[in-house]
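Everything numeric here is computed off the predicted structure, so don't read it as measured data. Along the sequence shown, residues carry numbers from 1.
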Amino acid sequence: MLVLTRKKNESIMIGDSIEIKVLAIEGEQIKLGIIAPKHIDIHRKEIYIAIQEENKQAADVSTNLLQQLKNK
């Protein structure tokens, strides 16, 4: 893990096209602004994990349905 220190209004770059900027620091919370190409999905980690789990469940259902159809 790379750890960087940034102050308000400072940024980091990921590659050539993703910028993460510290917009505000309020107590223990930090507000970040992210500038990235539209084709890049950006989610909070807990949302990303939920999406991955839903996709896995949907794939399992599809596999089970195909198996049932095959057995008929």
(request) Quick one: pull up NE2 in His43 and CD in Gln52 and give me the separation to the nearest 0.5 Å. (result) 8.5 Å
Residues 7-30 side chain polar contacts: donor-acceptor under 3.5 Å, at least two apart:
residue	atom	partner	partner atom	Å
Glu10	OE1	Lys7	N	2.7
Ser11	OG	Glu19	OE2	2.7

(request) Determine, using the 4.5 Å side-chain heavy-atom cutoff (strictly less than), whether Leu32 and Ile40 are members of one ILVMFWY cluster. (result) yes
